*Asks:* 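Submitted below is the structure of interest, expressed as structure tokens.
Please read these numbers as outputs of a predicted model, since none were measured by experiment. The figures here come from the full heavy-atom set of this structure, side chains too, leaving out hydrogens, waters and symmetry mates.
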Amino acid sequence: MSTLQPARGTRDLLPDEARRHHHVIETARALSARYGFAEWVTPIFEFTEVFSRTLGETSDVVTKEMYSFTDRGGEQVTLRPEGTAGICRAVISNGLTQSLPVKAFYAGPMFRYERPQKGRYRQFHQIGVELIGAAEPVADAEAIALGWDILAALGVAADTVLEINTLGDGESRTAYRAALVAYFTAHEAALSEDSRARLARNPMRILDSKDEGDRALVAKAPLIGGFLTPAASAFYDGVKRALAGFGVPFVENPRIVRGLDYYCHTAFEFTTTRLGAQGTVMAGGRYDGLIAGMGGPETPGVGWAAGVERLAMLMADPPREEAPIAVVPVGEEAEAHALAVLIGLRKAGLRAEMAYRGNVKRRMQRADRIGARFAVLLGSDEIARGEATVRDLASGTQAAVGLTALAGWIKDHR
RNA sequence: GCGGGCGUAGCUCAGCUGGUAGAGCGCCAGGUUGUGGUCUUGGAUGUCGCGGGUUCGAGCCCCGUCGCUCGCCCCA
């Protein structure tokens, strides 16, 4: 084994895998456009405070997972750990809070310094959408419906479940958090060590603990529903109604919480049981306070992000590419003619390749290896007659075809 | 950051109670100097992850280290 390895948590995407990623991204891009989301490309790194201010000073992403460094000019910068903060920064930077709503789609690499495992990498890829400037519950539902459409188009919808919850507005959340802290403090002795730490840092996280003892306590813990203000409750009802209107099936899960502090109201996750511990395939929610928190005007927003690696693992094989044509010169004298034929096929829009060396046998082997549909053989006989011998590599049958009609003949017979 | 499993040929792996390394696939060449895929004959594979130790002798035992992997935390 070579010592020349990629850095931990990074990997090479060779063609088979790159094609899968590409198919995920292209599918998402096309469907997003259908919903009116245009692609945004924001920088892969930002000033550190873009993330530290918005993600919450205590979140794990900020405290231990960011790839941060000081550049040569002495600026503190960070490789983006997620996409929402950059898009929101760009909305403010470009003065787009004057022309809302903004509907953005993005795709690209993200970076988190974590221990790699199945479906989790230090450099990974996300697709996501942000719908900024719409405070209505229909906006949440439309963003979710788009996500559902994408999962369906990738053929993974049958393996995923949409779970939704509400985190309420600020008032609801404060009241609920206080009730949770009171409840878990009363049962602190029974909590796992991890959850005792969470009690101080992020009590809502106890709700999705995997510890069995915790789960027993969680089952009897107070639910957010009892603490929702009438407005927050009405909003949640509106989202559920709109989801039904869009025809998206969902289940309510009152234990969905968010790791990032800026979420409010709607929280949702598409999960699967097919990826081990990394069951979340697409997740998002509403973040009405984020843009104001960054220094912009009070602006509502809702969005989601999905892991491309996880989707690529779940989906079926992507559509096959068009099989190429292999041009095979017979003898050195034929090479110049073969090159002209090769150029002609490419100009006609066909995928065509010619091996750089080798006798007919080697070139035929090469044709087979690249998965060619036809081999176009050109020897002195054919050239003299202005023809090519076209061999169908699937059936083994051959035909003599005039050079001027070659591209058309192939298009008719493939 | 914490715990389990695993590092042998390009790939997937075998290798007994320690005796100097193998298979399949792939690759290369021939059977076929104008025909691939099938078939057949032959060939090349390797710091046994790395460093140290024990031993007459280590792929195998011991210690350390690096990497991969699964899980915890957290998250897409």
*Asks:* How many whole angstroms separate atom CD1 of A:I383 from atom P of B:rG34?
*Replies:* 14 Å
*Asks:* Please give, in whole Å, the distance from B:rG37 P to A:R391 CZ?
*Replies:* 10 Å
*Asks:* Please report the distance, rounded to the nearest Å, between CD in A:Q117 and P in B:rG5.
*Replies:* 17 Å
*Asks:* If the plane angle is over 60° it's perpendicular, under 30° parallel, otherwise tilted; pick one for A:H187 and A:Y183.
*Replies:* tilted
*Asks:* Need one value for A:V330: base, sugar-phosphate or nothing, where a base atom within 4.0 Å counts as base even if backbone is also close, heavy atoms only.
*Replies:* base
*Asks:* Does B:rA29 have OP1 or OP2 sitting under 4.0 Å from an N or O in the side chain of A:R362?
*Replies:* yes
*Asks:* Between A:R366 (CZ) and B:rC28 (P), how many Å, whole number?
*Replies:* 11 Å
*Asks:* If you take the centroid of each ring, where Trp contributes its six-membered ring, are A:F105 and A:F37 closer together than 6.0 Å?
*Replies:* no
*Asks:* Once hydrogens and angles are ignored, does a donor-acceptor distance under 3.5 Å link the base of B:rU35 to the side chain of A:Q398?
*Replies:* yes
*Asks:* Looking at every strand, decide which applies to A:A367 at a 4.0 Å heavy-atom threshold: base, sugar-phosphate, or nothing.
*Replies:* nothing
*Asks:* Would you measure the distance from the P atom in B:rU8 across to the matching atom in B:rG1 and give it in whole Å?
*Replies:* 25 Å
*Asks:* What's A:D381 touching, base or sugar-phosphate or nothing? Going by heavy atoms closer than 4.0 Å.
*Replies:* base
*Asks:* Could you tell me how far apart A:E17 (CD) and B:rC11 (C1') are, to the nearest whole angstrom?
*Replies:* 15 Å
*Asks:* Does A:R198 make a side-chain N or O approach to OP1 or OP2 of B:rC74 shorter than 4.0 Å?
*Replies:* yes
*Asks:* Tell me whether the side-chain N or O atoms of A:E65 pair up with the base of B:rG1 as donor and acceptor below 3.5 Å, since no angle test is needed here.
*Replies:* no
*Asks:* Over how many whole Å does the gap from A:Q365 atom CD to B:rU33 atom P extend?
*Replies:* 13 Å
*Asks:* Between A:F69 and A:Q76, is there a side-chain heavy-atom distance shorter than 4.5 Å?
*Replies:* no
*Asks:* Remember a base hit wins even if backbone is also touched, and classify A:E382 as base, sugar-phosphate or nothing at under 4.0 Å, heavy atoms.
*Replies:* base
*Asks:* Between B:rU38 atom C1' and A:R369 atom CZ, what is the distance in whole Å?
*Replies:* 16 Å
*Asks:* Within 45° of the ring axis of A:F111 and under 6.0 Å from its six-membered ring centre, is that where the NZ or CZ of A:R122 lies?
*Replies:* no
*Asks:* Can a donor-acceptor pair under 3.5 Å be found between the side-chain atoms of A:R120 and the base atoms of B:rC74?
*Replies:* yes
*Asks:* From the options B:rA76, B:rG36, B:rG3, select the nucleotide whose nearest atom is closest to the side chain of A:R115.
*Replies:* B:rG3
*Asks:* Taking the side chain as C-beta and beyond, is there a heavy-atom pair between A:V390 and A:Q398 under 4.5 Å?
*Replies:* no
*Asks:* Atom CZ of A:R122 to atom C1' of B:rC68: distance rounded to whole Å?
*Replies:* 13 Å
*Asks:* Considering every strand and a 4.0 Å limit on heavy-atom distances, what is the contact class for A:E114: base, sugar-phosphate, or nothing?
*Replies:* base
*Asks:* Would you mind classifying the nucleic acid contact of A:G119 as base, sugar-phosphate or nothing, using non-hydrogen atoms under 4.0 angstrom?
*Replies:* base
